[in-house]
Asker: 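One structure follows; several queries about it will come next.
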Amino acid sequence: MSERVGRWGVALVGALTLVSVGLLAAEPFLLAATAVPLAYVLYGAVARVPPGASLRAERTVETDNPTPGEAVDVALTVTNDGDAALTDVRIVDGVPGELTVVDGSPRACESLRPGDSVTVRYSLLAKRGTFAFDDPVARVRPLAATAVATATLDAEGDASVTCANVVSEVPLADATLPRAGTLPTDSGGSGLEFHATRNYQSGDPVSRIDWRRFAKTNELTTVQYREEQAVRTVLVVDARTVTRVTPDAGYPTGAELGAYAAERLFDALGRTSVVASVVAVGLDADDVVGGLDPDDLVWVDPGGDGGTAARVSQVFDGIQAAVANDVSEAAGRASGERERPASRRDADVATDEPPNTDAPPSPETDDETVPAADGGETPHVDDAARRLLARLPPTAQVVLFSPFVDDWPVTLTQSLAARGYPTTVVSPDVTRGDGLGQSVVGLERDLRVQSVELAGATCIDWNLDEPIDIALRASLADLFKA
Amino acid sequence: MTGHDAVDDPEPTRTSTLVVVLASVVTAAALVRAANVVWPALVGAMGAVTLAGVVWASGWERHEAAGSVLASVLVLPVGVGIVAATAGTVLVLAGGLFPVPSAADVPGTVIALTARAAVVTGAVAAVFGATTATRGVLDADTLEDATTTAVRTAVVPFCLAILLAGSAALQFLESNAAGPGIQTVVGDVLRGITSLFFQPDPLGPHLPTFAVMAGAALLAAHRGVHALPITELLPENETGDDYRERIEAGQRRLFWAGLVVVAAVPIAAIVHLAVPPHQLRAALGSGLYDVVLAVTANPALRSLAWWLILCGVAVAAVVWLLRRLVQSSPDRIGSVLAPFAGGVGVVALAFAVSDNTVFKSVAWVADQLPGKFSVQFMDAATPVMNVYGFTTIGVAAAAALLFLATVAVSALWAVLATGYVEGRTAGVTIASLALFNTAAFAGVLDVSNVLVLGALVGAVLVWDAGEFGVTLGQEVGRLANTRRAELVHATGTLAVGGVGAGVALLIGGVGAVDASTGPVALGLVAVLGGLLLLVVALR
């Protein structure tokens, strides 16, 4: 099933040129010299792909359990099983359309003797999810390259790459939580720690009456203990359109990185029985299964209907789908010809409608003012931030995941600080890079991080060269200091 | 780089590109050396590389303005290279080959000259093809941009050359410095026309020419005032609307006055032709007639009208240009204006160096020409230099060089746009066919057969490796390791070429093709035809 390629037309033209010039100048040797181009024409005409050509392929994914954003090494080995030497074997591995090759090339061209093999090595940038490889395609040509046979190989070995984004080892050994899941309050009630005494009031539990005092003074007093309330840790993921930027082609965007970190932190907190809510800001109704809440936020409280874990996973999937939609729209705008194939995962997550062309509603950034560092004036917050603040429970502590590429997270953090919420900020640094623009944005981001720290929040600057768990460990250690 | 699709933004693979460049340069150099025309070929090769640079720079997408600047700077060297490779080669060869001892040698010498010139131009074209093949930059869109850039670069020098040459010619003709004959007659007519408009005879009224100039001046003034953003620039106040209305009314009046004066031109012409001055004087009365005479025959008023026309047109043009500019992006402005600026630079260069170089170039050309031609050329060139001056000739020569470069780029564009050459492999196809031609014409000269056959194999190798590299670049890309397969392929091609060359030497050696034994040669042609048929049948 090889097809012919007309390749030696130029030799025919050359032969005709030689004949013409030879006749014109009466030079017999030029007629003899037509043997050279004609030899090529003959060579091209008789060349065939060897009939018994046979190739075998085996793929190995060399990185076990990659974390999101980590490079996954893949090796594809193709062996010539046939009897004939193949001078021109071209191999293209079927890289999953959603993943980006960051190092090496999934393609190769090699000459293979019988029994020889060639190994193609390349690295993919892992994303959260399971991605199946397509079968590799091989293309064989004879030495004259006038015939092409294309075949899909059945690759043995690994057929998919899985990046689960669950905490493999609980990194909590050095981040002991002093009061796991609870926050002491300044009001009396039931609890463990002594707080105050007061006169007995009718209806107080008998067990809380101070009987010794009654024995001494014959007065009924009630002991009050320091009331303890369950801490609500609220993980806020900033997934507005502005945050969907990457430091380099193929790397996860700021929104995705925030979502990865939030997902891992949510998992880790779940193991330590801390009650955690998850909020995503800036998503579109189409991005998340089940749509948005009436106030345009996606807010998942523990113990909601249909299971918290499932809903939280929907939220993180939604962020990834939103980013993928953005990227494919941008690619469509940029190239205008070749749409990047939508991921299978996206197809499941996104509804059946085509990706909307309108940009997701993003909060206005123009009307925000960065207040003085002493926090003397109340920062101007936009609607999304105001709705978020309105929904925060009074005992919440907030972890904000944002790449800090605009002033929105700064004003939000300052508003949180003004309302007395203990706040931790995890900020993936997507502004690294050598370009002038990236340097400027990087400086602006540094300033924002500083102003957030001045506002009293704990800021974890996540350098992307470090694994995600180091940043998380730092955030966990700081989380319950307050 | 995902899936099985073709590689984004494909470039030919490195090893094949290296083979193409090496084979092209070595083959071209060997053939040029055999033809013994080194210097024009070197300058031509420089021009070929700059032509490739023009095309390459025109294709820059991210830095469109910078690419446009670079392209327009490189257009002049391209013209120099083209002239060196063609006219320069012929000149040097003619100087070397002529004069011939007897008239019987002329046809043979002409064939030798043509063959050598063809070798040089072929080699230069091969260098161009190989250079463009390195990045696969040739495609119709890029060449269209390059043509636009070249045309824009040529506009300013071309117009200036026409202006300078025209004014020099007018001055020369009007000065009556030429000998009697057609030139004197033309000079008289020209002088008559200019004096009719600018220095009219003060004895009689000149209504029609005055009406033409006055009408044109009024209309030009209206265009100029209309183009200026006067109403936009006036400060806003309570009486602002009043101002604006008055200004607009004034503009309308200018326009209508101009129209009326222009419409009066035919009437004035009829009056001028039909009514003699004394009758006009009788009709108008002597006081009014004197006023008309003083106004219509006054050179100062006409000069004023002439300057009004010039200023009005200039203001309108500048304002139009500025309005266009502010509506465009900086990159767009840069890419549009840069070639014109390049043209201005070329003019400045011509002004700076032409005093020194024009005479030297003419003397060099005269020096190269054999025998009497030299004297005749100098006899023809000296008066031209005297009349036009070195600067004008220098600007005109620069314009001609730019024009040649423009022609070369647009010819390439035409070849690609019509689809005769596939854009994907355009560079290697040009290089290979040029080398084929070069080898064929070298075969006419007394070059060793082995060199000719080697050049033929080199020509095929250039095309084969180039096409292979382009396809490989599309299918596999530059990042993958492809060197071994490419070398194996090139070795196979060389081996087949060796076999073909051996057969050719064998045929040539046993004298199968000898002009004296006609039937044998015919038989060979028949064998060739049969082979072609076989090939067609096999396909």
Side-chain angles (χ1 to χ4, degrees), chain A residues 4 6-7 10-15 17-22 24-46 87-92 94-101 104-111 120 134 137 139 143-145 338 340-341, chain B residues 1-5 7 13 111 115 429 432-433 436-437 439-441 443-444 449 452-453 456-457 459-460 463-464 467-468 471-472 475-477 479-482 484-486 488-489 492-493 496-497 499-501 503-505 507-508 512-515 521 524-525 528 531-532 534-535 538-539:
Chain A
R4 308 289 302 167
R7 256 195 109 227
V10 79
L12 278 178
V13 176
T17 311
L18 285 177
V19 171
S20 332
V21 176
L24 196 74
E27 178 62 53
F29 178 70
L30 285 183
L31 290 181
T34 47
V36 173
L38 288 180
Y40 283 106
V41 175
L42 198 65
Y43 166 57
V46 299
T87 52
D88 182 355
V89 181
R90 300 177 189 186
I91 308 148
V92 182
V95 177
E98 300 86 348
L99 301 184
T100 312
V101 178
S105 169
R107 300 160 185 248
C109 175
E110 192 53 83
S111 300
V120 184
D134 287 341
V137 172
R139 189 168 271 186
L143 196 55
R338 204 164 58 83
R340 187 174 288 199
Chain B
M1 277 283 290
T2 53
H4 295 143
D5 304 327
V7 176
T13 50
I111 286 183
T429 310
S432 172
L433 288 179
F436 247 114
N437 267 317
F441 280 104
V444 176
N449 289 345
V452 174
L453 291 175
L456 287 178
V457 175
V460 178
W463 190 84
D464 178 58
E467 201 272 348
F468 188 79
T471 312
L472 194 58
E475 290 184 356
V476 172
L479 289 172
N481 179 18
T482 53
R484 206 176 104 179
E486 287 175 85
V488 166
H489 179 82
T493 306
V496 173
V499 171
V503 172
L505 279 179
I507 297 172
V513 277
D514 195 341
L524 187 81
V525 171
L528 290 183
L531 252 175
L532 292 184
L534 172 75
V535 167
L538 280 173
R539 284 142 87 89

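Naming convention: chains lettered A, B, ... in sequence-line order (proteins, then strands); numbering from 1 in each chain. Heavy atoms only: backbone and side chains are in, while hydrogens, waters and symmetry mates are out.
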Asker: Does any backbone or side-chain atom of A/Val10 lie under 4.5 Å from a heavy atom of chain B? Answer side chain, backbone, both or neither.
Answerer: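 For A/Val10, backbone and side chain are both near chain B.
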Asker: A/Val92 and B/Glu475: side-chain contact (heavy atoms from CB on, under 4.5 Å), yes or no, with the steps?
Answerer: CA-CA 8 Å; A/Val92 182; B/Glu475 290 184 356; over 6 Å; no
Asker: Check B/Ala504 against A/Phe29 and note the closest heavy-atom contact, atom names and distance.
Answerer: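 Looking at all heavy atoms of both residues, the closest pair is O-CE1, 4.5 Å.
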Asker: Among B/Thr471, B/Val460, B/Val444, who wins on heavy-atom pairs under 4.5 Å with chain A?
Answerer: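 When all of B/Thr471, B/Val460, B/Val444 are compared, B/Val460 has the most.
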Asker: I need the A/Thr34 OG1 to B/Ile507 CD1 distance, nearest 0.5 Å.
Answerer: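 So the gap between those two atoms works out to 7.0 Å.
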Asker: Check whether any side-chain heavy atom of A/Val36 sits under 4.5 Å from a side-chain heavy atom of B/Phe436, and report yes or no.
Answerer: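 A side-chain contact is absent here, since even the closest heavy-atom pair is not under 4.5 Å.
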Asker: Taking only residues two or more places apart in sequence or in another chain, which ones pass side chain to side chain donor-acceptor pair (under 3.5 Å) with A/Glu110?
Answerer: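 Scan of A/Glu110 (side chain to side chain donor-acceptor pair (under 3.5 Å), adjacent residues dropped) gives B/Arg484.
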Asker: Which bit of B/Thr493 comes within less than 4.5 Å of chain A, counting heavy atoms only: side chain, backbone, both or neither?
Answerer: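 For B/Thr493, the contact with chain A is made by backbone and side chain together.
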Asker: Given heavy-atom pairs under 4.5 angstrom as the criterion, report whether the side chain, backbone, both or neither of A/Val120 touches chain B.
Answerer: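 Neither the backbone nor the side chain of A/Val120 comes within 4.5 Å of chain B.
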Asker: Between A/Arg7 and B/Asp464, is there a donor-acceptor pair closer than 3.5 Å when you use the side chain of the first and the backbone of the second?
Answerer: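 Indeed, once roles are kept as given, a pair shorter than 3.5 Å links the two residues.
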Asker: I need the minimum non-hydrogen distance between B/Val476 and A/Ser105, along with the two atoms involved.
Answerer: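 Shortest heavy-atom separation between B/Val476 and A/Ser105 comes out as O-OG, 4.2 Å.
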Asker: With respect to chain B, which residue among A/Val21, A/Val89, A/Thr87 yields the maximal number of heavy-atom pairs within a distance under 4.5 Å?
Answerer: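 Answer, by heavy-atom pair count under 4.5 Å with chain B: A/Val21.
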Asker: Tell me, side chain or backbone of B/Val499 under 4.5 Å from chain A's heavy atoms, or both, or neither?
Answerer: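 It is neither, since no heavy atom gets under 4.5 Å.
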Asker: Of all residues at least two apart in sequence or in a different chain, which pass the ring-ring contact (aromatic ring centres under 6.0 Å, His included) check with B/Phe441?
Answerer: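 Scan of B/Phe441 (ring-ring contact (aromatic ring centres under 6.0 Å, His included), adjacent residues dropped) gives none.
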Asker: Which bit of A/Leu30 is near chain B, if near means a heavy-atom gap under 4.5 Å: side chain, backbone, both or neither?
Answerer: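 For A/Leu30, the side chain is the part near chain B, not the backbone.
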Asker: Looking only at heavy atoms, which two atoms of B/Leu479 and A/Gly104 are closest? And how far apart?
Answerer: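 Scanning both residues, the minimum pair turns out to be CD1-O, 4.3 Å.
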Asker: So, does B/His489 use its side chain to make a donor-acceptor pair with the main chain of A/Asp88 at under 3.5 Å?
Answerer: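 Not a single qualifying donor-acceptor pair exists.
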Asker: Taking A/Ala39, A/Ser111, A/Ala35 one by one, which has the highest count of heavy-atom pairs under 4.5 Å against chain B?
Answerer: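 That would be A/Ser111.
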Asker: Less than 4.5 Å apart, side chain to side chain, heavy atoms only: is that true for B/Leu456 and A/Leu18?
Answerer: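 Yes. Closest side-chain heavy atoms under 4.5 Å.
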